[in-house]
Every structure is written in C-alpha cells, then in structure tokens.
Amino acid sequence: MKPARTRFAPSPTGFLHVGGIRTALFAWLLARQTGGQFILRLEDTDKAREVEGSGQHIMDSLHWLGLDWDEGLEIGGRFAPYQQSQRLDIYKQWAQKLVDKGRAYADPYTQTEVEAFREAAKAAKKPFLFRNHRPQNPPAWDGTQPLRFKSDPKPYEWHDAVMGDLSAGPEAVDDFIILKSDGYPTYNFCHIIDDFLMECTHVMRSQEFVASIPKFLNLYEALEIERPILATFPYVMGPDGKKKLSKRDGAKDVLDYAREGYLPEAMINFMATLGWNDGTEQEIFTPAELIEKFSLERVQKGGAHFDEQRLLWMSGAHIRALSIGELYACSKEFWPAEAGGYDDAYKKRVLGLVQERLKFFAELPNLTVFFFKDLPVKSSLWTEHKQLKKLSNDEIKPLLEQAKATIAASDFSVDDLTARLNELLEQTVQKPAVLFSIIRIATTQSPSSPGLADTLAVLGRKVSLRRIDAMLSAL
RNA sequence: GGCCCCUUCGUCUAGUGGUCCAGGACGUCUGGUUCUCAUCCAGAAAAUCGCGGGUUCGACUCCCGCAGGGGUCACCA
C-alpha cells in the first residue's frame, strides 16, 4: 500500500470526545500502517464558536493517546502554517482564481433576504437551493460581500472507502459560500484547498459531511484538482437512544479518561473496535496490532453505541496484561494519600494483589487504603455479613483470639501463613467462610480485599496483630 | 418535504447463495476455584438475520417495494 498522508482537522470549539477522536485514530492508524504521515491541522475559521484553549486541549488529548503527528500544530512542517486563520491569503488567492474563471461571484443579498428564500423553500417543503436565486448581474466582489461558488449542478457517483458506492442527483449541488464577509473562508472551501496543498491522500471524516460531498466534488472540478480518497465514518452513538454521542448529552472529554486512570492503549483498543473488527475473534489489540490490521474496508457503515461496560472490561484486560513494573509506572498519581510514606517495593506488592481487580487507576485508593492506614472498626461489616451476622460477639471473640495466636507464630510468608491458617481451620472446625471472614474483616475493616494469606503477608506482623487487638477490644 | 445513508442477540460484531434451525465478545444468570471482591474455568438464557414480496433446488447473503432510524438542505465545522 502506498504511503498515506492523512490528517485530523478539528475546529477549536471545545474538548474532544470518543466519537471525535476515533476519527483521528483511524486516520493515524492508516498513516502509520502505510508508513505515511499524519497531519494535525486546526480549522479555526469560525471566530464566534472558538473556545479559548481548545487547540491545546486537543493536542493534549492526542498526546495522551500517543497519536503523534508528523506535521502540523506546534511542530510545523513543509506546508506550514497548519492553522487556517493564518492561511487567509492562500484562500483569497484560490478564491480569486475562481472569480477570474467566472466560477465565483459576490452574493448581493442581505442575510435577511437569504433567510426569506430559505423560509419560502421550507414552507413549500422544498430543499433550499441558493442557485435558484443566483443574481443575473452580480456586483463586483469587493471583499465585503460573501463570495459564492458558482456550481455546475450534475449528478455524481463516487466511491467512499468506508461507505462504498454512493451517488446523488444534481439537487445536491448548490452555490455555497466560500469566503465569508469577515474575510474568513468556510470549511467547505478551505479544507479542499488545504488537503490539496498539504498533499493529503485521504480525507477521513464523519457522517455529517456525506450530503455535502457532491458540492465538494463539483468544487474539485472547478479548481481542477484531483480529489483524494474519501472515507466517511458512521457516528459513535450515545449509550442509549439513536443519537450520536455528543457533549450536550454527557459525552466525556477524552482527557477525563486520562484523569480517571484508563490506559491509553485500552482507550485506543476500545475506540478502534467501536465499528471496526479484523474479521477474527480477537477482541484485545495492542496499538501495534491495530496499526498492522486496520483497514477502512472493514469499518462498519452503521453507527455503534458507546458501551461503558465494554470499556471497563477492556480497560481491566489491558491492566491485567501489564507487568508489575509497567503497572507501577502507570499508577504513580493514583495512590491514596496515606501511601506517601511507603516505599516502592511495598507498593509494588500491593499492586500485585489488586492488579486483577483494577479496572482503572482511580479505583486504587478504594482497593488499597487498608494497606496503608488503619481503618476504624466498622460494625456493619459484621452485621451485614451473610455468615457472621448469625454469630454473637461471644462466639467470634475466642475465634479471633485463637487466630491471633496462630498468626503471631507465623513467619509471615504467604506459604507459612496459608499452612497455619489451614491448621486453624481444622482445629476450630470452622468453615473458611466464617473463620477467614473474621480475620479478614478484623485486619482490613473493608468489605473486600485480596486473599487472606496474601493480604496478611503484605500487611506484616506488626500491623496485622495491632489491628486484631483493636478489633478484639471493640468486640 | 427533497435528497442521501443505515438496519444480525440488550450492546460491539462474524457472516459475500448451501459448511448458519446464525458464530464470538461485553453484559446478565448459574455452578466451580478453601473467605469477600476480582480474576480464571465451565455452563445457560439471549437475534422468527427490520417487514413484505420476488429470483433460486436453496437467501442473513441477490433484486424490488415498504417501514423504522439517522444525516443534510448555515456567512458551523
């Protein structure tokens, strides 16, 4: 496959959610797979909608996920600048070419007048076509009026790398504004210029643009530029309902997942398999595998719902696949405050015990506090326990005393602890559900914990016995 | 309303005329793994393949119609 030059061209109107960044991911995947380039371009031509700081926020999101770009914002490149607001002269030149060829004209109407045309069309239940109102003798363009493309309506058939063969009639082609009266170009115009100048081989974007593609096709012809490969992605849908994932319906900022301690490779895996699969039964992919196996042809045509459960499962699966060293490196910012005084070796042992129950790192404090801090005695743990609620304190106390003696005699290796605990089971003729629960609750004061012997071994003699004593005096 | 697109278990999907009374995964449920939670293992329930017509010996797969859903018809991208 020829090296692909793909691009991600967001507008700085806020944060990126999973739906938006999946588009970036697919474009990146293709560039990496073919040994091509991935370009990051900022489409900041709408000053009104621009949100301060979102350019940086978008870059942060891409950085976190490891979607690195070869040209574009921050780093520049052969076709700099990569920010459309700094390329106004370029668009003006290209627009002038169109004017010279008689393929663009000044729009003489006021916005109110155009709005009236639109209303009339709507009332007549007809699609609005500006070209039906194309002026006979448009005024000379002086830069203060919007400049419109003079279209050449005709039917089109084209191929989309994802959607397949598409077609539309001439009614899909209309005169649209290419330069606004404020001097800024519209997306419809400048993305075509930039993609051409930046030598993009593929234009990958989401579904809302399909209806405009005939217009773009018409413009490519007028500009006499070869059109790139088109690839249109379906939406990522909200968890319920039929609407696309959107900020106003609570879609999260991708960086929220970073803050909650999801692994970037898990997010990538999740996003990639939302609407794509390799045809095998493989579910878990590393980024490298994705680069190798991704293909536009296997992207679904229909929208896929965002499934939080699946994300959680996938995140846990990626966490489980990490070595302790890797896991530890990722866990740095998520430890409970009390862990500050403990050394790396201790924390790694703790991590080893919770790795298989961790779904994302923000869960770390809840899962591990008791390894760092004596928790207050919590009576509900006894009263709500299936087995223990049937026992009185007088029944529990001697068992815990015995357990204390047993544990005190141990060298606190997991094996020795296990062996002694098993002996105790026989001596007391208790079920593990009773005996182990008593010890577990006494030493952790938590509703759940890793296995008892493992937990005690990490806690150590001093802490274990201290907590048992505290429990004993509370009973 | 015109035009365009989409439609397989709750969800993500496999499936390109017979190997599919539809396979996998998430989730759910059941059981097991000496305690809890999780992991892991085993098993179960779960899709009349949107509906109706064709074509064919045979259709989830091809054709036609319909329905539902979505998109679009901005000096937003």
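Proteins get letters first, then strands, A, B, ... in listed order; numbering begins at 1 in each. Just so we're clear, the structure is a prediction, and the values are computed from it rather than from any experiment.
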Is a salt bridge present between [X] and [Y], judged by a nitrogen-to-oxygen distance below 4.0 Å?
X	Y	result
A/Glu115	A/Arg118	yes
A/Asp307	A/Arg310	no
A/Arg103	A/Asp152	no

Please state how far atom [atom1] in [X] lies from atom [atom2] in [N], giving the value in whole angstrom units.
X	N	atom1	atom2	result
A/Glu115	B/C73	CD	C1'	12 Å
A/Gln111	B/C76	CD	C1'	13 Å
A/Leu364	B/C37	CG	P	20 Å
A/Leu312	B/U28	CG	P	10 Å
A/Leu388	B/U36	CG	P	11 Å
A/Arg22	B/C12	CZ	C1'	12 Å
A/Phe360	B/A38	CZ	C1'	14 Å
A/Lys215	B/A74	NZ	C1'	10 Å

Nearest-nucleotide pick for [X], side chain only, options being [options]:
X	options	result
A/Arg49	B/A25, B/C35, B/A77	B/A77
A/Ala211	B/A77, B/A25, B/G71	B/G71
A/Ser437	B/C26, B/U39, B/C35	B/C35
A/Asn422	B/A77, B/U34, B/C26	B/U34
A/Lys242	B/A77, B/G70, B/C6	B/G70
A/Arg357	B/C73, B/C5, B/A38	B/A38
A/Lys301	B/C6, B/C26, B/A14	B/C6
A/Glu356	B/A74, B/C26, B/U39	B/U39
A/Val114	B/C75, B/A77, B/A38	B/C75
A/Glu208	B/U72, B/C37, B/A25	B/U72

What distance, rounded to whole Å, do you find between the two [atom1] atoms, one in [N] and one in [M]?
N	M	atom1	result
B/U16	B/A74	P	42 Å
B/C3	B/U55	C1'	30 Å
B/A47	B/C9	P	9 Å
B/C51	B/A59	P	15 Å
B/A45	B/U61	C1'	27 Å
B/A46	B/C26	C1'	13 Å
B/C6	B/U13	C1'	16 Å
B/C60	B/A14	C1'	12 Å

Are [X] and [Y] close enough that their ring centres sit under 6.0 Å apart?
X	Y	answer
A/Trp276	A/Phe285	yes
A/Phe270	A/Tyr262	no
A/Phe130	A/Phe176	no
A/Trp94	A/Phe196	yes

Answer yes or no: does a side-chain N or O of [X] lie under 4.0 Å from OP1 or OP2 of [N]?
X	N	answer
A/Gln300	B/A14	yes
A/Thr45	B/A77	yes
A/Arg148	B/C75	yes
A/Arg118	B/C75	yes
A/His305	B/U11	no
A/Asn277	B/U13	no

Both distances below 3.5 Å, Watson-Crick or wobble geometry, any strand: find the nucleotide opposite [N].
N	answer
B/G50	B/C66
B/G2	B/U72
B/A44	B/U28
B/U36	none
B/C20	none

Rounded distance (nearest 0.5 Å) linking atom CE of A/Met267 with atom CD1 of A/Ile21: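 Reported to 0.5 Å precision, the distance equals 8.5 Å.
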
Charged tip of A/Lys347 within 45° of A/Tyr328 ring normal and under 6.0 Å: no

For [X], report the nucleic acid contact type (base, sugar-phosphate, nothing); a contact means any heavy atom under 4.0 Å.
X	result
A/Lys359	sugar-phosphate
A/Glu171	sugar-phosphate
A/Ala172	nothing
A/Gly316	nothing
A/Ser181	base
A/Gly302	sugar-phosphate

RNA chain B: 5'-proximal contact among A/Thr273 and A/Arg298 (nearest heavy atom): A/Thr273

Nearest-nucleotide 5' precedence on RNA chain B, A/Arg440 against A/Lys180: A/Arg440

base_contact_polar (B/C75 base, A/Thr186 side chain, donor-acceptor, <3.5 Å):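 No such pair is found, so the answer is no.
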
